[in-house]
Amino acid sequence: MSQWLEMDKPQEECGVFAIHLNEPADIAALCHLGLFALQHRGQESCGICVSNGRDIVIEKDMGLVSEVFSETRLDKLHLTNARTGIGHTRYSTTGSSLRFNAQPLTVRSNKGLLALAHNGNFTNAKHIRNQMLNEGAVFQTTNDSEVMINLVARYSHLSLIDATARVMAELEGGFAVVMMDKNKIIGLRDAHGVRPLVIGEMPAEQGGGFVFASEPSALHVIGARFLRDVRPGELVTADEQGLHSRQVLTATPSPCAFEWIYFARGDGALDGADVHVSRIRMGEVLAQEAPVDADVVVGVPDSGLPAAIGYARASGILYDMGLYKSPYAGRTFINPNQRLRELKVRLKLAPTASVKGKRVILVDDSIVRGTTSGRIVQLLRNAGATEVHFRVSSPPIKYPCYYGIDTAARKELAAATMTVTEIQQKIGADSLAYISEVGVARAIGLANTCLACFNGAYPAGHPGEEAEKDGIEMPLFDSVIS
Ligand code: AMP
Ligand code: SF4
């Protein structure tokens, strides 16, 4: 069967990175380090693109950063006098984990050689792509980046920056994009700032210059200083003359709450709100909203740990490490039959003696399908826990995400089809409670955040609305193209 049968699903969980230095440097090595620090944002494929002002080289493939970038492969990216580069780590659901979708995407255009990498989704991309296909355009990938780069190229009479600014106004959805030509990097966020993007400055002794990245973790690792977040609707450029900013769209901030709940790394702040501190607060709020008498608070490693610490602090109940996580089980390919899938959680997590004979409060950041959560509850019971009270530091996930986080299709979401009591029975817990929407917003501390996967209020629209409006057919590749 042709790979083209596979329609790209809307989820694009990704990490993006861009660097432009004033002095030549080992740009490939710096992008490599930056991607390591963004690995948690995408594990399916990665890529790096480097320029020295004359040539552009690119290496990308399926796999983790450590798997794709061997010494030989990094050597291929080594250009004398290189000062500019971008990088990308991508996670996408199985159907679209195809090599040709790996980013950055590179093209020759009327604006010269361009490379682009994005995080998130353009919710009207399919509509635009259909229009372009009808007009005779051809596409080599099934991802949204190609739609954007084609749109930019259509404004042949405009400079790259002016064309990109125009395109920002045409694209809908939640996204952060980095682009480069031979001499500069560009970074932008959608008008709602759904997906994060930060700016860092390289110290003068390391050549000076600027870095754009999905998270501060990628700045820290290369010794860059956090400068500020890219503003919602802002387009920033770093080139020979320094950093430039253009507020292209009116900012109506609504950053993704899930970044603070689960997705972002805990060692930084996004839009002024510290990720780790927010997670601790979510646990504290949860303890106030859903108290229960127990002997020990246990977090599900890794993402449930800060909220468990917060819950323990606020409740005064002992915090302990009740689950040990194997550091080596990250990517294990297991034959997908039911029995082995059940064993997979055992490969990752094992209960410690701390839960034996104890009434346990088990804290995790989210329940998506409820499958893993049920297996963890069972692990604790098998290890002698007398009660397991499940507490979740996100509200029930009832709606899919159209802006880049893989929270599963609606019918697969436990909270979309079951009541809290039914989910509690499914996962086999003695009690189950979620943080409230107000509680999670209070813990993050920002005036507005996207909470659409909890309440269905999509700040930047969703493709269903587009499809209804335009009567377009979905999915796009619904027939065999081989
Ligand atoms: P389940 O019980 O099967 O719904 O799995 C819940 C677990 O999935 C929690 O530990 C979450 O941390 C984790 N999780 C939540 N969102 C995602 C995501 N987008 N990708 C991978 N894991 C996730
Ligand atoms: Fe984040 Fe949920 Fe909004 Fe998606 S729908 S951007 S996961 S808050």
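Throughout, residue positions are numbered sequentially from 1 according to the sequence presented. Note that ligands are numbered from 1 as they come in the structure, with each ligand's atoms numbered from 1 the same way.
With a 4.0 Å heavy-atom cut-off, ligand 1 is reached by the backbone of Ser373 and by its side chain too. If you look at Asp364 next to ligand 1, the close heavy atoms, those under 4.0 Å, all belong to the side chain. Counting heavy atoms closer than 4.0 Å to ligand 2, residue Arg195 contributes side-chain atoms (C-beta onward) but none from N, CA, C or O. The part of Asp365 lying near ligand 1 is the side chain, judged by heavy-atom distances below 4.0 Å. Under 4.0 angstrom from ligand 2, the non-hydrogen atoms of Val194 all belong to its side chain.
The shortest contact between atom 1 (Fe) of ligand 2 and any protein heavy atom is with Cys256 SG, 2.3 Å. Looking only at heavy atoms of the protein, atom 8 (O) of ligand 1 is closest to Val368 CG2, 4.4 Å. Protein heavy atom closest to atom 3 (Fe) of ligand 2, with residue, atom name and distance, is Cys450 SG, 2.3 Å. Nearest to atom 15 (C) of ligand 1 among the protein's heavy atoms is Ser366 OG, 3.1 Å. Regarding atom 5 (O) of ligand 1, its nearest protein heavy-atom neighbour is Thr372 OG1, 3.4 Å. For atom 1 (P) of ligand 1, the closest non-hydrogen atom on the protein side is Gly370 N, 3.3 Å.
Residues His192 and Thr252 bring a donor and an acceptor atom of their side chains to less than 3.5 Å of each other. Of the N and O atoms on the side chains of Thr89 and Gln43, not one donor lies less than 3.5 Å from an acceptor on the other residue.
Near Ala257, meaning under 4.0 Å from any of its heavy atoms, are these atoms of ligand 2: 8 (S). Which parts of ligand 1 touch Asp406 is read off a 4.0 Å heavy-atom cut-off, strictly below it: atoms 18 (C), 19 (N). Those atoms of ligand 1 that come under 4.0 Å of a heavy atom in Thr371, given as number and element, are 1 (P), 2 (O), 3 (O). The atoms of ligand 2 that sit less than 4.0 Å from any heavy atom of Ile405 are 7 (S). Atoms of ligand 1 lying under 4.0 Å from any heavy atom of Ile367, numbered from 1 in the order shown and given with element: 4 (O). The Ser303 neighbourhood of ligand 1 comprises atoms 12 (O), with distances under 4.0 Å to a heavy atom of that residue. Every atom of ligand 1 with a heavy atom of Arg369 under 4.0 Å away is listed here by number and element: 1 (P), 4 (O). Close contacts between ligand 2 and Tyr403 involve ligand atoms 6 (S) [criterion: under 4.0 Å to a heavy atom].
For Glu13, the closest heavy-atom approach to ligand 1 falls below 4.0 Å. Using a 4.0 Å cutoff on heavy atoms, Glu259 does not count as a contact of ligand 2.
You'll find the side chain of Arg195 reaches within 4.5 Å of the side chain of Tyr403, heavy atoms only. Considering only heavy atoms from C-beta on, Phe139 comes within 4.5 Å of Arg129 through its side chain. Looking at heavy atoms from C-beta onward, Val300 lies in side-chain contact with Ile376 at the 4.5 angstrom threshold. Considering only heavy atoms from C-beta on, Asp364 stays 4.5 Å or farther from Arg391 through its side chain. Side-chain contact between Leu219 and Val198: present, with at least one pair of heavy atoms (C-beta onward) separated by less than 4.5 Å.
Among the atoms of Cys401, an N, O or S atom falls under 2.8 Å from atom 4 (Fe) of ligand 2. Note on Cys453: not counted as a metal contact of atom 1 (Fe) of ligand 2, no N/O/S atom lying under 2.8 Å.
Minimum interatomic distance between Arg279 and Ala264 (heavy atoms only, all atoms of both residues): NH2-O, 2.7 Å. Minimum interatomic distance between Asn448 and Pro253 (heavy atoms only, all atoms of both residues): CB-O, 3.3 Å.
The neighbour count for Lys398 NZ, taken as heavy atoms of other residues, nucleotides or ligands under 6.0 Å away, does not exceed 12.
Inclusion of Val300 in the set of residues having an N or O under 3.5 Å from an N or O of ligand 1 is not warranted.
In summary, of the residues considered (Glu259, Glu13, His88), a side-chain hydrogen bond (donor to acceptor under 3.5 Å, both in side chains) with Arg41 occurs for Glu259 alone.
A tilted orientation is assigned to the rings of Tyr262 and Phe258, their planes being inclined by 30° to 60°.
The aromatic ring centres of Tyr402 and Tyr458 sit less than 6.0 Å apart.
Selection from Tyr91, Phe258, Tyr262 by nearest heavy atom to atom 18 (C) of ligand 1 gives Tyr262.
Under 4.0 Å is where a charged nitrogen must lie from a carboxylate oxygen, and between Glu412 and Arg369 at least one such pair does. Salt bridge status for Arg281 with Asp274: absent, with no side-chain N to carboxylate O gap under 4.0 Å.
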